[in-house]
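Counting starts at 1 for both ligands and their atoms, following the listed order.
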Amino acid sequence: MNDQQTVSAWQLDDDSAAAYEKYLVGRFFRRWAARLVTHAEATAGERILDAGCGTGIVARTVAARLGPKAKVIGVDLNGGMIAEARRQDSDRAVSWKTGALEELAFDDGTFDLILSQQVLQFVPDRAQALEQLHRVLAPGGRLVFALLREIDFNPSYEALAGSLARHVGNEAGEMMRSPFAGPDTDTLRKELKAAGFRKIDITHDILDVRFPSPSEYLREEAACSPLAGPIGALDDDQLAGLIADLTPALAEFTDDNGVAFPMETRFVRAFH
Ligand SMILES: C[S@@+](CC[C@H](N)C(=O)[O-])C[C@H]1O[C@@H](n2cnc3c(N)ncnc32)[C@H](O)[C@@H]1O
């Protein structure tokens, strides 16, 4: 696909939950969910919560792996994400609920395993959410989650954020940096200890990611986020200028088949 040809045909998806499932789950969250579930060593018979489930890829992955007797619940603040999770779960393998992690509507000790993928950096009151996650875990249970490393370890996103800041505005740049702006490792350990977790184990993981072109990388990331509005409002010349800025910024990640880059996350296991 030629980037110049794509500019005028550029369309952002209206439904950002469906776009999230199609693009970001398709490109990397599905593969990372499989790795998170393996890391958690989930076993049949465990009561499992996917906290901040989004469109439900972690819950669906663990339910498929454990089979029909799996007891899996997915909870997310965003009703649109939950609606898309239900649409994707054609086997009805998971129970889906709307709710905030800071106010979990479950009894103490309800779950043996809580999984969570790329959520805690977005939760407004992380201390309260961690306290709640600890409360709903049974004694001996574990919280296993993925949290992206800082943007220095995810340099293609720094390039994308820089181009957005120059062509859309500083707020757009900061929004693209926000998934990487979670707590550093020392802070995270302290927060988990304060919430009552007694043993913490952190592993770094690196995933290879590919998009067919710089403009498609921009389009898919934007379609899944609040950037869809401001980027959709650019006229053809402004959009061409943004892509002309982004393309050389991504040169070190570009080959004959698009852009390919590493993404780095932490996998954290915290024991009740
Ligand atoms: C990057 S998405 C990750 C979704 C999913 N875990 C996945 O792997 O695709 C972040 C999710 O966290 C949810 N979220 C953010 N703050 C939340 C909160 N306070 N309580 C519950 N969910 C929250 C958002 O609605 C969004 O679906």
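- Heavy atoms of Gly99 come nearer than 4.0 angstrom to ligand 1 in at least one pair.
- The heavy atom nearest to atom 3 (C) of ligand 1, considering only Phe29, Phe122, Phe28, Tyr20, is found in Tyr20.
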- Message: side chain to side chain donor-acceptor pair (under 3.5 Å) for Asp245 and Ser163? Distances and angles first, verdict last.
- Response: CA-CA 6 Å; Asp245 181 295; Ser163 293; 2.6 Å; yes
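- Looking from atom 20 (N) of ligand 1 to the surrounding protein, the closest heavy atom is Leu101 N, 3.0 Å.
- Between Glu158 and Arg177 there is a salt bridge, since at least one side-chain N of the basic residue sits less than 4.0 Å from a carboxylate O of the acidic one.
- Nearest heavy-atom pair, Asp208 versus Arg31, reported as atom, atom and distance to 0.1 Å: O-NH2, 2.9 Å.
- Close contacts of ligand 1 with Val119, meaning ligand atoms under 4.0 Å from a residue heavy atom, involve 6 (N), 12 (O).
- Comparing Leu148, Asn78, Asp76 by heavy-atom distance to atom 24 (C) of ligand 1, the nearest is Asp76.
- Phe267 has its ring centre no less than 6.0 Å from the ring centre of Phe145.
- For Phe28 and Tyr23, the ring centers are positioned 6.0 Å apart or more.
- Residue Gly52 approaches ligand 1 through these ligand atoms, each under 4.0 Å from one of its heavy atoms: 4 (C), 5 (C), 6 (N), 22 (N).
- Residue Glu150 places its CD atom among more than 12 non-hydrogen atoms of other residues, nucleotides or ligands, all under 6.0 Å distant.
- Nearest protein neighbour of atom 8 (O) of ligand 1, counting heavy atoms only, is Gln117 NE2, 2.8 Å.
- When non-hydrogen atoms are compared, ligand 1 lies under 4.0 Å from the backbone of Cys53 (N, CA, C, O) but not from its side chain.
- Each of the following atoms of ligand 1 lies closer than 4.0 Å to a heavy atom of Gln118: 1 (C), 2 (S), 3 (C), 10 (C).
- In terms of N/O distances under 3.5 Å, ligand 1 is not approached by Val25.
- Checking Gln117 against Thr265 by side-chain atom types alone, no donor-acceptor pair falls below 3.5 Å.
- At a 3.5 angstrom cut-off on N or O pairs, Glu102 counts as close to ligand 1.
- Aromatic rings from Phe271 and Phe197 are positioned such that their centres are separated by 6.0 Å or more.
- In summary, the atoms of ligand 1 found under 4.0 Å from a heavy atom of Met81, numbered by their order in the structure, are 27 (O).
- Summary of contacts: the protein heavy atom closest to atom 22 (N) of ligand 1 is Leu77 N, 3.3 Å.
- At a heavy-atom distance under 4.0 Å, only side-chain atoms of Ile57, from C-beta outward, approach ligand 1.
- Within the model, atoms CZ of Phe261 and CG of Leu250 stand 8.0 Å from one another, a figure rounded to the nearest 0.5 Å.
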